[in-house]
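Let me begin by presenting the structure, written as structure tokens, before commenting on it.
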There are 2 protein chains.
Amino acid sequence: MDFESAGDFVDRARAGWERARPALDVSGIEVMGRISRIGALASQRVERDLAAAAVSRAEFDVLCTLARSDRPLRASEVTAATMLSGASTTKNVDRLARRGLVERLPWERDGRVVLMRLTPLGVELVNREFPHFLDRERELLAGLDAGEKAQLAALLRKVSARVEPAG
Amino acid sequence: MDFESAGDFVDRARAGWERARPALDVSGIEVMGRISRIGALASQRVERDLAAAAVSRAEFDVLCTLARSDRPLRASEVTAATMLSGASTTKNVDRLARRGLVERLPWERDGRVVLMRLTPLGVELVNREFPHFLDRERELLAGLDAGEKAQLAALLRKVSARVEPAG
DNA sequence: CATATCTATTTTACTAGTAAACTATTTGGT
DNA sequence: ACCAAATAGTTTACTAGTAAAATAGATATG
């Protein structure tokens with residue numbers, strides 16, 4: 001097998017390390033290096049797709065989090081789902097609320113809490129854009145057959161279980 | 001199998017979508033959703049580890065890119081490896097050069113090009129920190145045996161081949 | 001051999017994200 | 001009931017990243 005032609009970014013990085021630091025076992029980057037790289041590339045593509053709807057990736061994450069919930073969510077629940085800081089949630093929701101895509105509600109049981117939910121306009125945006133998002137994700141995985149996708153998902157779930165803060 | 005207890009973040013997201021939008025096939029998120037989530041969590045951990053050396057993740061990426069190369073690299077080559085913009089490379093290298101970890105060289109064959117390489121101090125930092133980085137990556141994958149890691153790496157390489165811009 | 005065009009990097013002006021301080025509210029101890 | 005401590009969210013002050021303009025050098029064409 002021709003090394004250069006078969007190699008992706010991580011194969012090249014690994015070859016570099018093995019030449020530069022032969023004593024180190026760098027095999028660990030085979031998995032995490034690819035996860036970082038694929039994640040970053042996928043994120044860029046999705047961001048470009050979403051430009052049409054004039055929402056950022058982070059804003060879309062907020063919208064999707066609310067869209068798949070069967071009840072209004074607290075700001076802190078949205079923060080946990082999006083992996084951004086609480087301050088970012090405030091900013092993103094401010095912007096989305098100004099555009100009429102999301103609304104804030106008080107919670108009668110605790111005045112500190114702010115509940116958030118999609119407006120009809122927000123629901124409409126998600127109904128329009130989320131299918132395109134799914135198409136893009138399917139396209140990124142088009143090199144794998146159904147069995148490989150299932151295997152990959154199962155292995156990643158196993159990693160996820162260990163990496164998730166509360167898991 | 002108890003659904004709630006087995007689920008990671010993506011299992012919960014998928015269950016939400018299946019309740020909220022039963023008509024959509026959201027199985028695509030099983031892979032890309034986990035890649036994004038694991039990537040973001042891993043990135044946070046690594047960033048925290050690197051705080052000890054007072055370098056950011058992005059700066060460490062620059063240092064590692066130079067460390068594994070057998071020749072000085074152009075600014076544009078560093079940019080391609082780090083997945084950030086050219087403007088970011090300038091900023092990161094400015095900071096690293098100010099700290100004496102990296103140096104810029106002119107290239108006699110083309111005056112527009114800037115070559116970059118580690119200083120001895122930069123080499124030292126990578127020699128000290130890169131092993132910790134590898135330890136962290138190994139720890140994140142501790143839930144998998146060697147065969148599973150190899151399988152996961154192979155499947156990710158297949159995705160990578162399709163997603164890489166020039167692949 | 002000009003000079004227009006292209007290319008590599010840096011600079012500028014701006015946006016997004018964050019940690020820490022702040023505000024408002026609740027809770028628990030007495 | 002009162003007040004200290006804890007909690008939820010927002011604001012502030014700052015940093016990192018970017019797109020587009022600017023700079024400087026190379027290349028090609030008449």
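First the proteins, then the strands, lettered A, B, ... as listed; each starts at 1. Keep in mind that what you see is a predicted model, and the values were worked out from it rather than measured.
- In this structure B:R136 satisfies the salt bridge (Lys or Arg N to Asp or Glu O under 4.0 Å) test together with B:D49, B:E139, sequence neighbours excluded.
- Position along DNA chain C of the nearest nucleotide to B:V113 versus A:S88 favours B:V113 as the more 5'-ward residue.
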* Asked: Reading nucleotides 20-26 of chain C 5' to 3', which nucleotides get B (base under 4.0 Å from a protein heavy atom), which S (sugar-phosphate only), which -?
  -> ----BBS
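- Under the ring pair (Phe, Tyr, Trp, His ring centres under 6.0 Å) criterion, the residue pairs touching residues 32-88 of chain A are A:F60-A:F133, with sequence neighbours excluded.
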Pairs of donor and acceptor atoms involving the side chains of residues 40-47 of chain B, under 3.5 Å and at least two apart or interchain, shall be tabulated with distances.
{"from": "B:R45", "atom 1": "NH2", "to": "A:V163", "atom 2": "O", "distance (Å)": "2.5"}
{"from": "B:E47", "atom 1": "OE2", "to": "B:R57", "atom 2": "N", "distance (Å)": "3.2"}

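- Under the 3.5 Å distance criterion, the side-chain polar atoms of A:R14 are left unmatched by any main-chain donor or acceptor of A:I29.
- B:R74 is linked by a side chain to side chain donor-acceptor pair (under 3.5 Å) to nothing, counting only residues two or more places apart in sequence or in another chain.
- Residue A:V31 forms a side-chain contact (heavy atoms from CB on, under 4.5 Å) with just one option from B:L144, B:I38, B:L140, B:L141, and that option is B:L141.
- The nucleotide range of DNA chain D contacted by chain B, defined by atoms under 4.0 angstrom from heavy atoms of the protein and reported 5' to 3', is D:dA16 to D:dA26.
- The ring pair (Phe, Tyr, Trp, His ring centres under 6.0 Å) contacts involving residues 73-98 of chain B comprise nothing, where partners must be two or more places apart or lie in separate chains.
- If you check residues 56-84 of chain A against DNA chain C, the residues with a heavy atom closer than 4.0 Å are A:A58, A:L84, listed by number.
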* Asked: Stepwise, does the side-chain contact (heavy atoms from CB on, under 4.5 Å) test hold for B:M116 with B:L73?
  -> CA-CA 5 Å; B:M116 299 165 170; B:L73 294 178; 5.5 Å; no
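- When all heavy atoms of A:L155 and B:E148 are compared, the closest pair comes out as CD2-CB, 3.8 Å.
- As rounded to whole Å, 14 Å separates atom P of C:dA8 from atom CE of B:M116.
- Evaluation of the side chain to side chain donor-acceptor pair (under 3.5 Å) test over residues 112-127 of chain B, restricted to residues two or more places apart or in two chains, returns A:R21-B:N127, B:E103-B:R117, B:D110-B:R112.
- Pairing each heavy atom of B:L84 with each of B:A58, the nearest pair is CD1-CB, 3.8 Å.
- With sequence neighbours excluded, the residues forming a salt bridge (Lys or Arg N to Asp or Glu O under 4.0 Å) with A:R71 are A:E77, listed by chain and number.
- Every residue two or more places apart in sequence or in another chain that forms a salt bridge (Lys or Arg N to Asp or Glu O under 4.0 Å) with B:R34 is listed here: B:D8, B:D11, B:E30.
- Of the residues in residues 89-104 of chain B, B:T90, B:R104 come within less than 4.0 Å of DNA chain C through at least one heavy atom, sorted by number.
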